[in-house]
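First the structure, in the form of C-alpha cells, and then the observations on it.
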Amino acid sequence: MSTGWRTLLLRIGDRCPEYGGSADHKEHIETCYGVLSREYEHSKDAMFEFLLQCADQLPHKIPFFGVLIGLINLENEDFAKSIVDTTHANLQDALHNENRDRIRILLRFLCGLMCSKVVLPNSIIETFETLLSSAATILDEETGNPSWQPRADFYVYCILASLPWGGSELIEQVPDEFERVLVGIQSYISIRRHFDDIAFSVFETDEGNSPNKKDFIEDLWERIQLLSHNGWKVKSVPKPHLSFEAQLVAGISYRFSPISCPPPTISRSSSEIVKGQEKHEADLKYPQRLRRLHIFPTNKAENMQQIDRFVVEECILDVLLFFNGCRKECAFYLVSLPVPFRYEYLMAETIFSQLLLLPNPPFRPIYYTLVIIDLCKALPGAFPSVVVGAVHALFDRISNMDMECRTRLILWFSHHLSNFQFIWPWQEWAYVKGLPKWAPQRVFVQEVLEREVRLSYFDKIKQSIEDAAELEGLLPPKAGPNYRYHSDEGKEITDGHRLSKELVGMVRGKKTTRDIISWVEEQIIPANGAKFALDVISQTLLDIGSKSFTHLVTVLERYGQIISKLCPNEEMQLLLMDEVSAYWKNSTQMIAIAIDRMMGYRLISNLAIVKWVFSPANVDQFHVSDRPWEILRNAVSKTYNRICDLRKEIQTLKKGLQVAKEASEKATRELEEVKSVIEIVDGQPVPSERPGRLRRLQAYADKAKEEVVTTEESLEAKEALLSRGLEESKELLRLLFKSFVDVLTERLPSISADGEVPNLRAGDPNVNFAARDPEATTMEVDNENGADNDSQLNGANKKVGHNVGELEQWCLCTLGHLKSFSRQYATEIWSHIAMLDQEVFVGNIHPLIQKAAFSGLCRPTSEGSHL
Amino acid sequence: MASLFKDPNKLSAYRDRRFSGTQEEYEATLQASTTVYVGNMSFYTTEEQAYEIFSRAGEIKKIIMGLDKNSKTPCGFCFILYYSREDAEDAVKYISGTMLDDRPIRVDFDWGFEEGRQWGRGRSGGQVRDEYRTDYDPGRGGYGKMVQKELEAQRELVDYGGGAFQPNAPPQFDRGDRKRGYGDSYRNDRDQRKRYRNDERSAQRATDSDSKRDANESEKNPRFREKGDSDEEDDDYDKRCRR
C-alpha cells in the first residue's frame, strides 16, 4: 500500500481508487487504521492535528474519524484523552467567540466520539444541559435578554442537530438522562417566541404567514420527535462503529469536562428602538442557515424521511461552506455523500434556497452559479434536468417572488445559460410576449435576455431564441450610441453640431481643461445658456468616451472637471443623467456604468441619483424594467461600500499608529539612553558614544516621530471622510425613504372607509387560490405539508394569464423594492431609525408602505393596523 | 476555507518574469493584490462583457485590455482591478474556468498592473501562446502565428497573385473536420457582428480608396475600432487611454 495516511484519512468513506473502489465502510476503516497504526510512532503528533482538522472540515465523515480514534484509543490511551481535552478547549473557545459552525460541528464530533466509546455519554448529557439552561436564561426577562433569542435558539438547534448522530446510543446507554434533555427541549420550545420570518421568505402571498407555519426550530423539533418514535433510526448517518463494537467496548471512555456558556448580553434599555436594534444585532450574529424552499412537487422529489432530509441538507451546506474555493472537491463531495439514496432534487432545492436566501446567502450568489455549473458537469445525466425543472417551477411562481430574489434569479439564470451555449427551450415561454408589459413573467424573460446580451452580444442571443421568434420583441435594442451631434452630410448643421465639432478639435489638439472651461464660459454659456452648454459638452465627451469602458473612464478622468463646473447643483446633475440616458438609450449597461463612474468622480451626488431615479420618466418604468432599480442599487451600494472601505482603512491605520507610536518611543528611549552616557573630556561633559551613531539614532528617532505624525494625519483625514460619508448616508436614507413614500402614497389605492387595506393581488388567480386555502401556500419555507399541494398547484398555475392591473403591479413592484432596500440596509437604517420615525414614517402613512419598510427591518408594525 | 486540499498560501503556479523582486516578494504581492489577470479570452470579447461578468464578484475599479503591440487590438487577455481584496479573491475562486464568450477563461491573481504590461509579449505582437499554437481557434485569430506564416509561404508558391490572401482563413481541406460551431456559420456570425459594431458612420465615410482596405479588414476584430479604421485621432486617443 503506497497511499499515505493523510490521503486515506481524507478519502475514507468515499468510493475512490485509494480504497480500491470499494464502498465497504468496514474495509475502509480497517485499511486506514492499519496504516495509521503502522505510522503511529513516527507521526502521531501530525495525526493528532490532522484528525481534528478532518473532523472539523469534513464533518459528514465524523463517524469514521470517531471509530479511528476509538481504535487508536485501544492501544494509546493518551492520544484519545488528548483528543477529548482539545475538543473541550475548542468548544469552549467556539462558544465564547460565537463561532457557530464550530459549535455545531464539535457537538456532532462529541457524539461520534461517544459512539466509539471515547467519551462518556453522561458528560454529553451534561453539555446539552448546560446549553439548554443557558438558552432558557437568555429568554428570561429578568436574568437574560429575550432580544437575543437567536442565540438561545441556536444552542438548542445545535443539540437537536447532533441527535441524528448520537441519539440512538444515548437512548440505549443513558435513557433516563436523555429523556430529561428532551423534556427540557420541549419546555424551551414552549416558552420561546415563534420566529416570524415573513420578511425573509422567498415567496409572499397577500395572506403573509399562515398561522400554523412552523419556524425552523419547531420544524427541527418535530423531525426529532418523529425520529424518536422511529427508534432513532437514520439512514443518512453512517454507523461504522457498529462493525467494531466488540473491539471498541474495551476502550476507556473519558469524561468531557463541563463547559461554560458566555453570559447573556444584557439589554441596554427597554425602549422599543433599542430592543429592535438588539434583536437585529442578534439576528445578524445568529442567522438562520437555511430557509427550505420546496421547489418540486413531492411526487417528483426523492422520497425520504424528514430527518434524512435534514441530515443531507446539513451535509450539503457544510460541503458548500468548507469547499468554497475548491471547485473540484466541492463538486466531488456534493455528488458523493455517503448516503444510501439519491438526492439530486434535494440538492438542487438546497442550493437554490441558498442562492435565494434572504437577507444574504453566506457566499456571493456567483458561488452558487459555479456550483450549479459544476454539478451539471459532474452529473450530466441527472442534474441538468433537475435544474430545468427548478427554473420552470420558480418561473411559474415568479409573480409572488420577492423582488431581491427575482434579481438574483435573473443574474444566475443568464450567467448559467452563458455557460451552456445559451441553450434553453424558449418556445415554452414564448407566450409571455402576449402578456401585458408589466407582467412579472414577461419582465423576467426580458431581463434575462438583457443580461444574456450583456454577457454575449445581440446577434448571438437573437439566434438563441430563434425557435421563439415572438420573444425577439423582448430583446433589448442593439447597443450603440445615439449621438445627437453626429455630423452627417445632408443634415442641417446647427450650433450644437458646430460647437461639438469644435470641442472635438480642442480635445484632439490636447487643449487643457482650463482652456476648454473658459471656451465654454465665453463661447457657449453667454449665447446659449448653461443647459445647452451641458448638452453639447456631455454629448460630445460621452461620444469621445463611447468606444469602451476604459475610454469612458479616461474621458471622465481628464475632462470631468468641465462637467463638474457645469453641474454644480442637483438640478444640473439631473440634466446630466438625462443626457447620459439619451446618449446611451440603447444600452442600459452603459447608462448604469456611466452614472456609476460619474458618482465615483463626484460629478453626480448619490442624492441626485435618487432624485433622478424617482423622477417621473423613471418612475413610469418601475414595474416594466430593472433599469432604474439597477442604477439605484448601484448608487446605494457604492455609498455603503465606501463607508465600509473607510472603516477598514481606519482600522488598519489605527493599528499602524499603535505600531508607529511604539517604534517612536523605543527609538527615543534608545537615543536618550545613549545620550545620557557622559564622558568627561577636557573637563567638559561629552557623550561617550561616537557622534556617527548618535546622529544615526537621532535620525531614527526623528523618522519614527514623523511616521507617527503622518499616520495621525491620515487617520484624521480618513475619519473626517468617514464622518462625511456617514452624514451622506443618513441624507441618502432620508431621501430614499421619502421618495418611496411619496411615489407610493400618490399611487396606492386608499384604505376603504371601514379601514380595510386594499388587496393589490385581487386579480391574481394564484393568490386567490392560496388565500382560500392557507395550507396551499406552496413553496413556503419550512412547510413540509405545503409540498403535498405543490403538484396540483403547479398544474393549476401553468401558463395562466396575468390579471393584475398595471397600477397594482406597479405598487407591488415598488413595495417589493422598498422591502428589499430596507432589508438589505437594515443595519444602517436601524442606526438612523429615530430620524426616519420622525420624518418619514409619520402621520397617516399608508399601512402597506409601513408594512413593506418595517418587514424588511423585522420590526413590528404600529398598533392598530390590521396587518 | 478548506485547508485540507488547498494550500491557501499557494496562489499561482505562474511566475511573471517581468516581476523584479524575489519569489517571496512575488508571493507577498500576490497575497495582497487586488488585481486579477484574465486569460484565454476571445479577441472579440469587449470590456463591457468582462465588466458584466466580473462586476458580479465586486465593484470594478479599472479594466485594462491586453493589446497586440503591433495592431493595438485586443489579443486575448486583460487585467481587472478591484477596490477590495475579497472581491479579487471571489473573482479568482468563482469566475476562473467559467465561460465568457463560449470560452473557459482563466482568472489568476496578478501582481499589479504597470504601464507596458498591456502589450502582448509574443514576437508577432500578440500573446506568446498564440505564436506556437497549432490548433485553429477562431476566437483568437485562427491558427497560431507560426502556422499562419507557414501557410502563407505555401500559399504564395501555389497562388500566382489574383485573389487577396487572407492569412486567417483555414485551408479548404480542413472544413469538414472542424467541430460544430467552428464552421462557416460561426464565421459568418462574426462578420455580422462586425457590421453592427462598426458604427455606420465609418462605413458611410469610406471612400473609394478605402473600400479595398475595408474588404481586407473583414477578418479583423469587429468590436474594436482600430488604427485607421475611422479617424486619425482614434489611434492617438487609444494610446492616451492606455497610459
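Sequence lines set the chain letters: A, B, ... in the order given, protein chains first and strands last, and positions in each chain run from 1.
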message: So for atom NZ, which belongs to A:Lys638, do other residues, nucleotides or ligands contribute more than 12 heavy atoms lying within a distance under 6.0 Å?
response: yes
message: Tell me whether A:Lys377 at atom NZ has more than 12 heavy atoms from other residues, nucleotides or ligands lying less than 6.0 Å away.
response: yes
- request: Count the heavy-atom pairs under 4.5 Å between each of A:Val453, A:Ile593, A:Leu58, A:Val371 and chain B, then report the option with the highest count.
  value: A:Ile593
Let me confirm one number: the [atom1]-[atom2] distance from [X] to [Y], rounded to the nearest 0.5 Å.
X	Y	atom1	atom2	result
A:Thr369	B:Arg56	OG1	CZ	7.5 Å
A:Glu452	B:Glu52	CD	CD	11.0 Å
B:Glu59	A:Asp596	CD	CG	6.0 Å
A:Arg597	B:Lys61	CZ	NZ	10.5 Å
B:Lys93	A:Cys330	NZ	SG	11.0 Å

Under 4.5 Å from any heavy atom of chain B - which part of [X]:
X	result
A:Phe420	neither
A:Ser414	side chain
A:Asn641	side chain

statement: Most heavy-atom pairs under 4.5 Å with chain A, out of B:Ser55, B:Gly97, B:Ser84, belong to B:Gly97
field: Charged tip of A:Arg642 within 45° of B:Tyr83 ring normal and under 6.0 Å
entry: yes
- prompt: Just by distance, with hydrogens left out, do B:Asp90 and A:Tyr367 show a side-chain donor and acceptor under 3.5 Å apart?
  reply: no
Using a strict cut-off of less than 4.0 Å between a Lys/Arg side-chain nitrogen and an Asp/Glu carboxylate oxygen, indicate whether [X] and [Y] qualify as a salt bridge.
X	Y	answer
B:Asp101	A:Lys460	no
B:Glu86	A:Arg364	no
A:Arg454	B:Glu48	no

field: Any side-chain heavy-atom pair of A:Asn324 and B:Tyr94 under 4.5 Å
entry: yes
- prompt: Do B:Met65 and A:Thr550 touch side chain to side chain, with heavy atoms closer than 4.5 Å?
  reply: no
- request: Specify the closest pair of heavy atoms between A:Arg327 and B:Thr98, including all atoms of both residues, with the distance to one decimal.
  value: NH1-N, 4.3 Å
message: Under the criterion side chain to side chain contact (heavy atoms under 4.5 Å, CB included), I'd like the reasoning laid out for B:Ile53 against A:Leu455: C-alpha separation, chi angles, the key distance, then a yes or no.
response: CA-CA 7 Å; B:Ile53 192 166; A:Leu455 290 166; 3.9 Å; yes
